[in-house]
Structures are given as C-alpha cells and as structure tokens.
2 protein chains.
Amino acid sequence: MKRKVTLKQIARELDVSISTVSKALRNSIEISEDTRQKVQAFAKLYNYRPNNIALSLKNRKTKTIGIIIPEIVHHFFSKVISGIEAVANKRGYNVIVGLSNESFAKEVINMEMLANGSIDGFILSIAKETQQQQDYHHFTETINQGMPIVMFDRVVNDIKCDKVIVDDAEGAKLAVNKLIQCGCKNIAIVTTKDYVSVGKLRTQGYLEALEDHKMSPESSLILKVHDQLLSEDHLDSLEIEIENLFKNNKNIDGVFAVNELYAITAMKVARKLGFKIPEDIQIVGFTDGVLSKHAVPALTTVSQHGKKIGEKAAELLINNLEREDEEDVYETVVIETELIERKSTK
Amino acid sequence: MKRKVTLKQIARELDVSISTVSKALRNSIEISEDTRQKVQAFAKLYNYRPNNIALSLKNRKTKTIGIIIPEIVHHFFSKVISGIEAVANKRGYNVIVGLSNESFAKEVINMEMLANGSIDGFILSIAKETQQQQDYHHFTETINQGMPIVMFDRVVNDIKCDKVIVDDAEGAKLAVNKLIQCGCKNIAIVTTKDYVSVGKLRTQGYLEALEDHKMSPESSLILKVHDQLLSEDHLDSLEIEIENLFKNNKNIDGVFAVNELYAITAMKVARKLGFKIPEDIQIVGFTDGVLSKHAVPALTTVSQHGKKIGEKAAELLINNLEREDEEDVYETVVIETELIERKSTK
DNA sequence: TTTCAACACGAAAACGTTTGCGCTAGTCTT
DNA sequence: AAGACTAGCGCAAACGTTTTCGTGTTGAAA
C-alpha cells in the first residue's frame, strides 16, 4: 500500500527542490525542458495528483458547495440536488450535503460544521421548524462572514441573498384555473399550515383564482393539514382529515392539493368514498414527482422543474463566488411553473 | 463584512503568541488562568471556530465521507444516503456526494476528484456501465493508496473491501414463494439484463424458488428488459415489452418484478389488458419505495431497508478509518430483506 | 546568595501547495 | 576582458492549525 505521492517525495527522489517540481508540473518556462520532462514522467508514473486540501488552504477556497435541505428522501429535493450537482461538476465544484430533517438545531449545527472552511458557499432550503421559529441568525451570520448563500423554494425575504423560487401563487392559480375551466364549482384545497411559506403562497393563489372568477371561497373547503413533523402515522391522520373534508362538504367536485402526497391521498380517499376521478371529482396536485406520474389515474399537477431550480441556484452561487467585484447585488430568480395535464382532470 | 477570525488575529489583538492562543482555547494547563479566560472570552466574542481545512491538512484526515451513487433521484439511493448521513453526523463526519449517472467515465472522474485529499473514504454503488465494462481499476487504485471503500447493493466480489448487500436471491425467493403460496401457477419475472448484478441475483432467486416447488421455469416467462441507460422514452418501451409478455403468455397469473418501476408498470399494463389485481394476476415487487406504498392497489414488495444499508455501510467505513491496527480484514454484511404484504397479492 | 523547580509563554516545525524573488553560472556585448 | 544579461533553479513565505521543545522569570529552598 503506497501512500499518495507528494511534491516533496518527488523532489527528494529526483534531487531537485520542491519548487522546481511544482513549476515543472505546471509547465513553467523557468524550468528547462530536460528537468520538466523528467519530473513529468516521474509524476505520471507515480500518478501524482495535487492534494486538494493543501490547495484549498493556500487558495482560501475549497471549490465545494454546501447544500442544506430538510430531507433527501423526497423527489423534489433530490431533483434539485441533481441539478446543482450537474452544473457544479461542470464548473469544477463538488457538492457536500447536510440534512436538517426539518429541525432548527440540526440546520444550525450543519451550517456551522460546514462554514468553517469546508465550503465556499451554501445552497439551502429552510427547515420547517426554522420557518416556524423565525430565527434566522445563522443565515445572517454566515453571510456576514462573507460566505454567500442561495436559498431555494422555502426562502425568507428579508435575508440578503440570491433566491430561486417558483411563483407558488401563480402556479396555484394555474391549477385552480384549470379546475374552474373544467367545470368545477366547489373546489377544495388541501394545504399546509401557514408558517410553511410555500403552502401559504399556494393557498393565496387558490384564493386569488377563485376571486378572479367571482367565486367566493368557503372556509370549510380549506383544509390546513395538521402537520406534526414526525410523519410516522401522519399518513393515517392525513387520510382522516381529508375524509372529513369530503364528508362535510358533499358538493366538492374539485380538489387542489399543495403537494403530491396530499393529492394522491385525496385521490385515494375520494375513490374510497365512491367518487370517480375525474368524472365526479377532479384533482390537481403540485410538484411533478414520481407519484404523480405513476398514479392511477395519472395526476394532473403543477411542475416546479426541480432540476432547473438546482441548476439556477448553482449558477447564481458560483457566479457570485467567482465574481471579481464585491458588489452586493442579489437576485431573485423565478422559475416558471407549468401545468402538466394528465388524467385526473377532464 | 468581517472575515472569519483566525488564531493569528486573536494573538495579535491580545499581544500573545499563536501557540498561547491555541493552547488557551484547548484548556492546556500550560496557560495561566488569566490568559486563558482572556483568550476564551475574546474568541467567544468574535465567534472563533478552527478552520477545518487547516485541521484536515494537519491531521491528514478530513472527517468526510465520499459517496458515489448512480443517481440520486431514486428512492432507494436517497434512503441509503439518509442512513449514511445519520451515522456519519453522529460520529462527526460530513458527507460529500458524487453522481455517476450510471456512467463509467463520470464514476472515475468523481472518484479522482475526491480521492486527492478531500475525503477519508468512499461508500459507493457501482454504475451500470462500469458493471458492463467490468473495469474496476479505479477501485483497486484508490484502495491501494490506502483509502478504504465500502460498496453497497451493486458490488463486485473480487475487490477487497467491506460490502453491504441484501440477499437478493433470498429476497426474490421470498417474493416468488409468496406468489406460489397464493396459488399462482404461471409466474413471470420482469428483470434486467444479467450484467446488472442485483438483477441477475434476483432472477436466480426466482429460478430457485420455482425449482424448490418443482415448477419448471419457462423462458418465455422471463423478460429481461432492454435497458438503454438513457431512460427517456424508456418508459414507453418498457410498457410495450411487458404488454408483449402478457399477450404472448395468456396464462400468466403472477408477476415478480425486480424493482418498483417494473412492478407498477406491470400492474398498469395488466389492468389495461383487463386483468384484475390481485384476482386475476398477483404482483410482487422489489424495493419498498414511495411508489409501492401509494400504488392502487398497494404493492406487495420486498423491502431492502435502504436506510439500514446506509447506516451499516457508514459504520463499517468509520470503524475502518478509526481502527488503530492496520489489519486488512473485510466484512460482507447482509441486510435482511422483508416481504411487505399489501394488496397486490391475495 | 546561589540553585533549581515550577510556571507561563514563545519559536518553530509540520501538513502540501504555489509563487515572487534571489542567486549562480554561463553567454553575449562592446 | 569586464560588465550585462539570461537561463535554470532554490529559498522562503503564506494559508491556519497543533504540538514539541525550548527559554526566561519567578519564588523558594539550600
């Protein structure tokens, strides 16, 4: 087992100085053709590769991006990661992943672990608990220390950083408009509590769409799912809540769900109650994941283009990192949503 | 924007030496109570944190694990990552992710990028293309350079490293036995080409289960899906292949699919052809993902316990990294599979 | 008063790079 | 032949740590 070879070892072996070796490898004109050849041959033979850590220390940049997301076993987030990874790799960056598990404490710890030199900047989506507590000091602090952040999807407005979001309200309007256009008169929404920023925005879009069509929203049609973070038997209670929604409002003929899981659960419950989809009840979801695509009937849904979000976030971050002038001008990029029409609407 | 504070700056500010600051912060008894307090107070005030990169360079270990997987937008792999991340974090390690996209070249490049000091060891699952080409030099090389590897799921036997696998053949037998026990007489299998190790093993298990019950396998019931790696319209051709399987074998009353996607596609096609599930045809899948759970009817499937695989892999790697004695003794851990019975079987 | 241990701290090396600058010897110019 | 120039290479600093080994100052013991 031969350890990785270093400049020093090559230098000793070839009886030249470390600097000579380094320069020879980088094709410096200071070095004679002879020595250069000799060094390069030797380096190739021993498969020399510069030590990244040493380079990071010297250059004070790591060429690594830190990602903090609430969970990874989630179609949207893994899509985003794949987008980030694609452009990061293309531009010579690595990607290091931390999971907050929706916990404030883990988010803070993870960021602290990475912020001490391990990475050049963050791409993150905020944990639910953080949104609930509205404690954002860890973001401002890292930014103050000169480490840029790009937030995506779940963002907080008053932090000075780049952001990549979808127009959640607009996407929701797309969905609800579709339902209205397909003849729905009593459209329910299955959404989250308001502290989840995206849920709130989508609810808002739902309300706006109704208003645009002179339909007055009814509070009994708005289900804000009790979200206990510990999603174990969460699924059961979700079903029960939705079932009650249907039972208390027999006239529902359309459902807009703010995420995929809510949507297919609604579909499942509706079918259990004897409704036909899309004949009796039409359903539109949000987030184009694997569930929507393979549900029966396939779910009409609003696609967020997760991969594109990731790509854009990575671009913003890397551009920022490699920008010469240190002007603090922050962008908020809105990725277009798109209604993907499938079989759960007429 | 204040940059991160270093020992040197604290030293200058307090008019002591760097060593004193370092020792004071680590509560060395060499330092007087007075100075210690002073230094610690100052450090706290300026929120000093040791630079990870410098530590990595000095200690020649990064406390970081490199993960290379074929794709991340995949329930199983993200489950594994979440498992790795959990134990890595608990033991003070970070996790850096590289995606091979099933490509040999990207796998090699990614490994080279990380192997130059960025990480202490690898956890990986081999790209399909690599399995096809059977070129494993990048694995042996990294191992030779003293960097340990743990392989999971898709492994190659003759590499000397720890491995975490499920007993694919055994899991497949579980599935097929279930079908037999539920009265199936003509059981088809939808599997991959043989170069995918797990596909091959699961096919093997299928054959063994049949033999155990004195049922002779028929080659027309074995569909090895043509897998063109570029899975764009892959889905369509998959449907067509499965449809042909059914049409050419009208007597099929049970299907074992080696992954989730194949399983629910089989379900979809069967239903399209007018079969009732599980009355006419029963189906069992492999991998307990989100699709299985939410399919209608919910899919009976073999769970691999992806998270547990990740946890075990991380444990093996970290134990290896932190072991004093350098003995090369490699383990292959088999994670139990489990049949999760749902509604697609009687 | 001398000697010596204990105490408190600093210098420097090491991890592996890159790079500006200085040095030496040989060649060219006049 | 003396000075100027240049090719080719090495020294040393720097990045931020930790740690070993001094070193100087005290106070007390002899």
Side-chain angles (χ1 to χ4, degrees), chain A residues 2-40 42-43 46-64 113 115-120 145-147, chain B residues 2-40 42-43 46-64 113 115-120 145-147:
Chain A
K2 47 183 184 196
R3 276 224 100 64
K4 293 235 66 175
V5 60
T6 70
L7 288 186
K8 191 192 285 195
Q9 292 168 32
I10 300 183
R12 197 184 306 142
E13 213 68 30
L14 261 46
D15 208 40
V16 291
S17 77
I18 295 182
S19 6
T20 304
V21 177
S22 174
K23 287 171 185 168
L25 289 176
R26 325 200 96 243
N27 287 316
S28 159
I29 47 158
E30 287 186 45
I31 306 299
S32 73
E33 190 59 26
D34 260 17
T35 9
R36 204 195 311 177
Q37 301 257 333
K38 195 174 56 178
V39 170
Q40 297 198 352
F42 193 93
Y46 282 89
N47 195 30
Y48 169 79
R49 294 277 181 280
N51 181 309
N52 270 334
I53 294 291
L55 285 180
S56 296
L57 184 58
K58 180 142 196 26
N59 302 330
R60 282 129 129 253
K61 54 180 74 165
T62 61
K63 289 267 181 182
T64 303
M113 276 195 72
N116 301 310
S118 302
I119 61 163
D120 295 339
Q145 291 181 347
M147 177 162 300
Chain B
K2 48 186 185 198
R3 276 222 101 64
K4 293 234 66 173
V5 58
T6 70
L7 288 185
K8 191 193 283 194
Q9 292 168 32
I10 300 183
R12 197 184 307 144
E13 212 69 28
L14 261 47
D15 207 40
V16 291
S17 78
I18 295 182
S19 2
T20 304
V21 177
S22 174
K23 288 171 186 168
L25 289 175
R26 326 198 95 244
N27 288 317
S28 159
I29 48 157
E30 287 187 46
I31 305 299
S32 71
E33 190 59 26
D34 260 15
T35 13
R36 203 193 313 176
Q37 301 258 334
K38 195 173 56 176
V39 171
Q40 296 199 352
F42 193 92
Y46 282 88
N47 194 32
Y48 169 79
R49 295 276 181 282
N51 181 307
N52 270 333
I53 295 291
L55 286 179
S56 296
L57 183 58
K58 181 138 197 26
N59 303 330
R60 284 130 126 249
K61 54 178 76 163
T62 61
K63 289 269 183 178
T64 302
M113 274 195 74
N116 300 309
S118 302
I119 60 162
D120 295 339
Q145 292 182 346
M147 178 161 301

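Each chain gets a letter, A, B and so on, in the order the sequences are listed, and its residues count up from 1.
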field: Options dT20(D), dA14(C), dC15(D), nucleotide nearest the side-chain atoms of Glu30(B)
entry: dT20(D)
- request: Among the candidates dG16(D), dT17(C), dT17(D), find the nucleotide nearest to the side-chain atoms of Leu7(A).
  value: dT17(C)
- request: For Thr6(A), answer base if it contacts any base atom (sugar-phosphate contacts may also be present), sugar-phosphate if it contacts only those atoms, and nothing otherwise; contact means non-hydrogen atoms under 4.0 Å.
  value: sugar-phosphate
task: Give me the one residue out of Thr64(B), Asn51(B), Asn52(B) that meets side chain to side chain donor-acceptor pair (under 3.5 Å) with Ser118(A).
output: Asn52(B)
message: In this structure, how many angstroms lie between the P atom of dA14(D) and the CD1 atom of Ile53(A), rounded?
response: 22 Å
No-H, no-angle donor-acceptor pair, Ser19(A) side chain to dC11(D) base, under 3.5 Å: yes
- line: Side-chain contact check for Pro50(A): nearest option of dT17(D), dT17(C), dG16(C) is dT17(C)
task: Return the minimal non-hydrogen interatomic distance between Ile31(B) and Lys23(B), and the atom names on each side.
output: CG1-CB, 3.7 Å
message: Checking contacts here: which listed nucleotide (dC15(C), dA11(C), dG16(C)) is nearest the side-chain heavy atoms of Lys58(B)?
response: dC15(C)
query: Counting side-chain heavy atoms from CB outward, which of dC9(C), dG16(C), dT17(D) is closest to Ser32(B)?
result: dC9(C)
message: Students often get this wrong, so: under 4.0 angstrom with heavy atoms, is Thr35(B) touching a base, only sugar-phosphate, or nothing?
response: sugar-phosphate
message: Strictly below 4.0 Å: does Arg60(A) bring a side-chain N or O up to OP1 or OP2 of dA14(D)?
response: no
- prompt: Given dA14(D), is OP1 or OP2 found less than 4.0 Å from the side-chain N or O atoms of Lys8(B)?
  reply: no
- request: Could you check Leu57(B) against Asp15(B) and say which one's nearest nucleotide on DNA chain C is further toward the 5' end?
  value: Asp15(B)
- line: Between Lys23(B) and Arg49(B), whichever has its closest DNA chain D nucleotide further toward 5' is Arg49(B)
- prompt: Looking at dG16(D), dG10(C), dT19(D), which one has an atom nearest to any side-chain atom of Asn51(B)?
  reply: dG16(D)
Under 3.5 Å side-chain donor-acceptor pair for Gln9(A) and Glu13(A): no
field: Taking every non-hydrogen atom, the tightest pair across Gly117(B) and Ile53(A)
entry: O-CG1, 3.1 Å
field: Donor-acceptor contact below 3.5 Å, side chain Ser28(B) vs main chain Arg26(B)
entry: no
message: Can you work out whether Arg36(B) or Asn59(B) has the more 5'-proximal nearest nucleotide on DNA chain C?
response: Arg36(B)
field: Upstream residue (5' side of DNA chain D) when Glu33(A) and Gln9(B) are each assigned their closest nucleotide
entry: Glu33(A)
